[in-house]
Q: 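Okay, handing you the structure first.
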Amino acid sequence: MTRGHGDDIHDYSDIRLNFSSNVYAGHDSSALTAYLAEQLPHLGHYPEPSSHTLEQQLAATLGLQPCQVMVTNGATEAIYLAAQAQTGNDSVAAVVAPTFSEYADACCINGLRVIYIGGLDDIPSSASMVWICNPNNPTGTVTGRDALLQAIRSHRRTLFVVDASYAPFTNVPLLSATDAAGEPNVLMLHSMTKQYAVPGLRIGYVTGGEEQLRPLRQRQMPWSVNTLAQRAGSWLVTHSDAYAIPVGRLLSERARVAGMLQATGLIDCHSSDTHILLCRLRRGTAAELKEWLATTQGILIRDASNFVGLTREHFRIAVGLPEENDILVNAITQYLCL
């Protein structure tokens with residue numbers, strides 16, 4: 001696990017605005033909190049070993065069979081299980097970069113040889129699996145459904161692991177869970193953490209064909225998803241309408257923030273199809289900017305320098321409310337004038 005690859009708010013005190021996390025912060029979780037308080041007496045019993053109830057609920061929502069859905073301890077458990085299932089096959093894992101470091105970490109731990117590629121046109125014949133975050137973290141860009149399907153169908157001997165954790169944050173048509181389950185060489189990862197803003201509960205799931213999921217099920221530890229997480233997942237599925245993400249507003253804000261940052265003349269912003277905005281300083285380093293914002297302004301951003309393919313000048317933000325974004329831009333502008 002790469003140090004600092006995620007939200008490291010725990011390393012700081014007095015953070016008032018957190019732009020380093022890609023989780024949407026606008027949900028009201030008070031009803032979920034109240035529900036979970038009522039579930040505390042159930043902690044005296046073991047949870048379902050394989051989250052069967054939640055898998056049935058998710059399958060019904062997605063139009064799949066329960067055997068095509070596997071609940072995991074966050075999407076991260078699914079990442080490690082997918083890599084572990086390839087162990088012993090002299091596997092080469094191609095990772096579309098820059099992207100989330102956990103794909104490569106999971107592969108390396110399980111003895112796979114990792115190579116980095118710039119896009120789906122660069123997939124080598126030696127690759128037994130391809131990892132693609134779509135929409136991507138940290139760039140926010142999307143590979144459209146048709147282009148991804150073409151690559152999948154052109155490399156039938158290659159397993160595609162498609163991390164769709166940020167799917168709720170774009171309007172671009174994406175490969176669906178139904179699409180994934182219909183292809184013999186696809187696993188799709190989903191994060192309830194991102195969709196419902198519950199990172200502390202660790203709930204995710206994988207969709208795919210029954211045959212593709214079988215190696216992961218064989219390797220998953222019993223009770224990997226605890227009672228509260230399972231019950232929260234079931235509650236969230238039945239209350240999903242209350243957790244609608246205002247994608248249009250977030251996209252408009254991302255474009256507005258990008259325009260203001262680029263207007264400083266000292267920051268370049270990457271194009272994005274989501275609420276994620278990748279930026280590059282023309283002067284100074286992201287680590288210096290992050291430290292100044294955190295210690296003097298109580299604002300946290302993501303130093304993106306440890307993403308493969310990026311530089312020490314890169315940082316990433318996930319836009320919030322307009323008034324919060326204005327505070328961030330004003331603070332960065334102040335820093336650039338020092």
Q: Without swapping roles, check the side chain of H275 against the backbone of N22 for a donor-acceptor pair under 3.5 Å.
A: yes
Q: Should E210 and R214 count as an ion pair when the cut-off is N to O under 4.0 Å?
A: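 Counted as a salt bridge, because a side-chain N and a carboxylate O are separated by less than 4.0 Å.
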Q: Please identify each residue that fulfils side chain to side chain contact (heavy atoms under 4.5 Å, CB included) with Q68, with sequence neighbours left out.
A: L64, Q65, A181
Q: Could you walk me through whether V308 and V95 pass side chain to side chain contact (heavy atoms under 4.5 Å, CB included), step by step?
A: CA-CA 10 Å; V308 171; V95 179; over 6 Å; no
Q: Are V23 and I301 connected, step by step, through hydrophobic side chains (Ile, Leu, Val, Met, Phe, Trp, Tyr) whose heavy atoms are closer than 4.5 Å?
A: no
Q: Got a sec: does the CD of Q56 have more than 12 other heavy atoms crowding it under 6.0 Å?
A: yes
Q: What residues, two or more places apart in sequence or in another chain, satisfy side chain to side chain donor-acceptor pair (under 3.5 Å) together with S305?
A: D303
Q: Check for a donor-acceptor pair, side chain of S51 on one end and backbone N or O of V71 on the other, with a separation under 3.5 Å.
A: no
Q: Salt bridge (charged side-chain N to carboxylate O under 4.0 Å, His left out): which pairs involve residues 60-76, sequence neighbours left out?
A: none
Q: If two hydrophobic side chains count as joined below 4.5 Å and joins carry through other members, does L148 share a cluster with Y166?
A: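 Hydrophobic grouping puts L148 apart from Y166.
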Q: Just wondering, more than 12 heavy atoms not from R157 lying within 6.0 Å of its CZ?
A: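 Result for CZ/R157: open.
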Q: Classify the side-chain pair E291/T295 by whether it contains a donor and acceptor separated by less than 3.5 Å.
A: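 No donor-acceptor contact under 3.5 Å links the two side chains.
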Q: Under 4.5 Å between any side-chain heavy atoms of C269 and L277, yes or no?
A: yes
Q: With sequence neighbours left out, what residues match A83 under side chain to side chain contact (heavy atoms under 4.5 Å, CB included)?
A: A106, C107, N110, W131
Q: Could you check if a side-chain atom of Y103 sits within less than 4.5 angstrom of a side-chain atom of V161, using non-hydrogen atoms only?
A: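 With C-beta onward as the side chain, the pair stays apart.
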Q: Main chain of L293, side chain of Q297: is a donor-acceptor contact present, judged purely on distance under 3.5 Å?
A: no
Q: Measuring from L228:CG to L40:CG, what's the distance to the nearest 0.5 Å?
A: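 L228 CG to L40 CG: 6.0 Å, rounded to 0.5 Å.
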Q: Taking side chain to side chain contact (heavy atoms under 4.5 Å, CB included) as the definition, give me every residue that meets it alongside S271, ordered by chain and number, with sequence neighbours left out.
A: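 Counting only residues at least two positions away or on another chain, S271 forms a side chain to side chain contact (heavy atoms under 4.5 Å, CB included) with T141.
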Q: Can you tell if the side chain of F169 reaches within under 4.5 Å of the side chain of V247, non-hydrogen atoms only?
A: no
Q: In terms of side-chain geometry, is the basic nitrogen of R219 or E77 positioned less than 4.0 Å from the acidic oxygen of its partner?
A: no
Q: Would you call I115 and P124 a side-chain contact if the rule is heavy atoms closer than 4.5 Å?
A: yes
Q: Is there a side chain to side chain contact (heavy atoms under 4.5 Å, CB included) between T193 and L201 once you walk through the steps?
A: CA-CA 8 Å; T193 289; L201 285 172; over 6 Å; no
Q: Please tell me if the side chains of F100 and I79 come closer than 4.5 Å, counting only heavy atoms from C-beta onward.
A: yes
Q: Regarding N226 and R202, do their side chains bring together a donor and an acceptor under 3.5 Å, going by distance alone?
A: no
Q: Find the distance between NZ (K290) and CD1 (I299) and round it off to the nearest 0.5 Å.
A: 14.0 Å
Q: Indicate yes or no for a side-chain donor-acceptor contact from T158 to the backbone of A127 under 3.5 Å, with no hydrogens or angles considered.
A: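 Checked: pair present.
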Q: What residues form a side chain to side chain contact (heavy atoms under 4.5 Å, CB included) with D179, not counting sequence neighbours?
A: R145, L175, S176
Q: Are any of the side-chain heavy atoms of L120 and I132 separated by less than 4.5 Å?
A: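 They are in contact (side-chain heavy atoms under 4.5 Å apart), so the answer is yes.
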Q: Check the side chains of E102 and Y80 for a donor-acceptor pair under 3.5 angstrom, ignoring hydrogens and angles.
A: yes
Q: With salt bridge (charged side-chain N to carboxylate O under 4.0 Å, His left out) as the rule and sequence neighbours excluded, what pairs involving residues 181-193 come up?
A: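 Passing the test, one end in residues 181-193: R153-E183, R156-E183.
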Q: Please collect all salt bridge (charged side-chain N to carboxylate O under 4.0 Å, His left out) contacts where either partner lies in residues 266-282, sequence neighbours excluded, each pair once.
A: D268-R282, R280-E313
Q: Give a yes or no on whether the backbone of W235 and the side-chain of T238 come within a donor-acceptor separation of less than 3.5 Å.
A: yes
Q: CD1/I332 to CH2/W292 distance, rounded to the nearest 0.5 angstrom?
A: 9.5 Å
Q: State the CG-NE2 distance between N306 and H314, to the nearest 0.5 angstrom.
A: 12.5 Å
Q: Return yes if some donor-acceptor pair links the side-chain N/O of T285 with the main-chain N/O of E288 below 3.5 Å, else return no.
A: yes
Q: Under 3.5 Å, is there a donor-acceptor pair between the side chain of N134 and the main chain of T143?
A: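 The answer is yes, because a donor-acceptor pair under 3.5 Å joins these two groups.
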Q: Counting distance only, does the side-chain N/O of R254 pair as donor-acceptor with the main-chain N or O of T274 below 3.5 Å?
A: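 Yes: the side chain of R254 pairs with the backbone of T274.
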Q: Other residues, nucleotides and ligands only: do more than 12 of their heavy atoms fall within 6.0 Å of NE2 on H42?
A: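 Buried by this count: over 12 neighbours within 6.0 Å.
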Q: For L278 and L310, run side chain to side chain contact (heavy atoms under 4.5 Å, CB included): C-alpha distance rounded to whole Å, both residues' side-chain angles, the deciding distance at 0.1 Å, then the answer.
A: CA-CA 10 Å; L278 179 65; L310 299 186; 4.0 Å; yes
Q: Applying salt bridge (charged side-chain N to carboxylate O under 4.0 Å, His left out) as the test, list every pair that has at least one member in residues 319-329; sequence neighbours left out.
A: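 Passing the test, one end in residues 319-329: R256-D326.
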Q: Within a strict 4.5 Å, meaning less than it, do heavy atoms of the S128 and Q86 side chains meet?
A: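 A side-chain contact exists here, since the closest heavy-atom pair is under 4.5 Å.
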Q: Do N330 side-chain atoms and I327 backbone N/O form a donor-acceptor pair below 3.5 Å?
A: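 It does not hold such a pair.
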Q: Tell me, please, which residues at least two apart from T99 pass side chain to side chain donor-acceptor pair (under 3.5 Å).
A: N136
Q: Any chance you could pull the hydrophobic cluster mates of Y46, using side-chain heavy atoms under 4.5 angstrom and chaining through other members?
A: W223
Q: Quick one: do the T227 and H45 side chains pair a donor with an acceptor below 3.5 Å?
A: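 H45 and T227 do not have a side-chain donor-acceptor pair below 3.5 Å.
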Q: When the ring planes of Y196 and Y243 are compared, do they come out parallel, tilted or perpendicular, using 30° and 60° as the limits?
A: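 Correct class here is perpendicular.
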Q: When you compare the side chain of I203 with that of L54, does any pair of heavy atoms fall below 4.5 Å?
A: yes
Q: Taking only residues two or more places apart in sequence, or in another chain, which ones meet E48 in a side chain to side chain donor-acceptor pair (under 3.5 Å)?
A: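 For E48 the side chain to side chain donor-acceptor pair (under 3.5 Å) partners, ignoring immediate neighbours, are T53.
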Q: Checking H27 side chain against Q195 main chain: does a donor-acceptor pair fall under 3.5 Å?
A: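 It does hold such a pair.
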